Amino acid sequence: LKKKAAIFLSLCYIKTNKIDEALRLLNMLTERYPREPMYLLDMAALYAQLQENSKAIKIYEEVIKKYPNDRVLTSLAKRQIKDLMAKVAQ
């Protein structure tokens, strides 16, 4: 499966509420393209949307660990973790 087609397909799965397929595809993309943080971010956002906050937080923490020198990514991941933790605390 080509990279761009796979990205489009994952979005189609999300839009048509085929969440398991979207997660499976995003997981495959993170394994096939380990240097691409967007797949991890998409997967974390999807888990957050599903209110599976602990899974989302774990993935955001993985982003911070994998890309510690990328200020934009780490800042985004930290902000998302903070927001998710606030939701859990409510």
Side-chain angles (χ1 to χ4, degrees):
L1 198 56
K2 297 281 185 186
K3 192 174 178 181
K4 288 183 181 181
I7 295 166
F8 182 73
L9 183 58
S10 71
L11 292 174
C12 289
Y13 282 148
I14 292 167
K15 293 288 185 190
T16 58
N17 208 29
K18 295 180 180 178
I19 303 304
D20 290 337
E21 289 91 342
L23 288 170
R24 187 170 21 93
L25 186 56
L26 287 169
N27 192 45
M28 185 261 317
L29 287 167
T30 60
E31 290 174 8
R32 187 176 288 177
Y33 304 103
R35 295 180 189 260
E36 289 284 343
M38 290 310 298
Y39 307 126
L40 286 171
L41 293 174
D42 288 346
M43 195 165 20
L46 185 53
Y47 277 124
Q49 182 181 341
L50 296 171
Q51 297 181 357
E52 294 189 37
N53 296 335
S54 61
K55 289 181 182 180
I57 290 169
K58 183 178 175 183
I59 295 170
Y60 285 125
E61 288 171 343
E62 183 179 344
V63 169
I64 293 168
K65 186 188 291 187
K66 278 187 161 183
Y67 306 97
N69 297 324
D70 189 320
R71 290 183 186 169
V72 174
L73 283 179
T74 56
S75 176
L76 172 68
K78 287 177 181 178
R79 186 173 60 241
Q80 293 299 326
I81 290 170
K82 182 180 175 182
D83 291 347
L84 289 168
M85 296 293 269
K87 287 180 183 178
V88 170
Q90 290 179 350

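Worth saying up front: this structure is predicted, and the values here are computed from it rather than measured. Count residues from 1 along the sequence.
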Taking salt bridge (charged side-chain N to carboxylate O under 4.0 Å, His left out) as the test, write out the residues that go with Lys78, two or more places apart. none

Distance check, rounded to the nearest 0.5 Å: [X] atom [atom1] versus [Y] atom [atom2]?
X     : Y     : atom1 : atom2 : answer
Asn53 : Leu84 : CG    : CG    : 5.0 Å
Leu26 : Met38 : CG    : CE    : 10.5 Å
Thr30 : Leu41 : OG1   : CG    : 11.5 Å

If two hydrophobic side chains count as joined below 4.5 Å and joins carry through other members, does Met28 share a cluster with Phe8? no

Where is the tightest heavy-atom contact between [X] and [Y], given as atom of each residue plus distance?
X     : Y     : answer
Leu46 : Ala22 : CD2-CB, 4.0 Å
Ile7  : Leu29 : N-CD1, 4.4 Å
Ala56 : Ala48 : CB-N, 3.8 Å

Contacts satisfying salt bridge (charged side-chain N to carboxylate O under 4.0 Å, His left out) that involve residues 37-53 (not counting sequence neighbours) are Glu52-Lys55

Where at least one partner belongs to residues 4-13, residue pairs that pass salt bridge (charged side-chain N to carboxylate O under 4.0 Å, His left out), sequence neighbours excluded: none

Side chain to side chain donor-acceptor pair (under 3.5 Å) partners for Gln49, two or more places apart: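 For Gln49 there are no side chain to side chain donor-acceptor pair (under 3.5 Å) partners, ignoring immediate neighbours.
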
Is any side-chain heavy atom of Lys3 closer than 4.5 Å to a side-chain heavy atom of Tyr39? yes

So does Gln51 have more than 12 non-hydrogen atoms from other groups sitting under 6.0 Å from CD? no

Partners passing side chain to side chain contact (heavy atoms under 4.5 Å, CB included) against Asp83 (at least two apart in sequence or in another chain):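 Testing Asp83 for side chain to side chain contact (heavy atoms under 4.5 Å, CB included), a comparison that skips the adjacent residues, returns Arg79.
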
Output every pair passing side chain to side chain donor-acceptor pair (under 3.5 Å) with a member in residues 8-26, not counting sequence neighbours, ordered by first then second residue.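 Residue pairs with at least one partner in residues 8-26: there are none.
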
Could you list the donor-acceptor pairs under 3.5 angstrom formed by side chains in residues 58-75, with sequence neighbours left out?
unit_1, atom_1, unit_2, atom_2, d
Tyr67, OH, Pro34, O, 3.0
Asp70, OD1, Val72, N, 3.1
Asp70, OD1, Leu73, N, 3.0
Thr74, OG1, Asp70, O, 3.0
Thr74, OG1, Arg71, O, 3.3

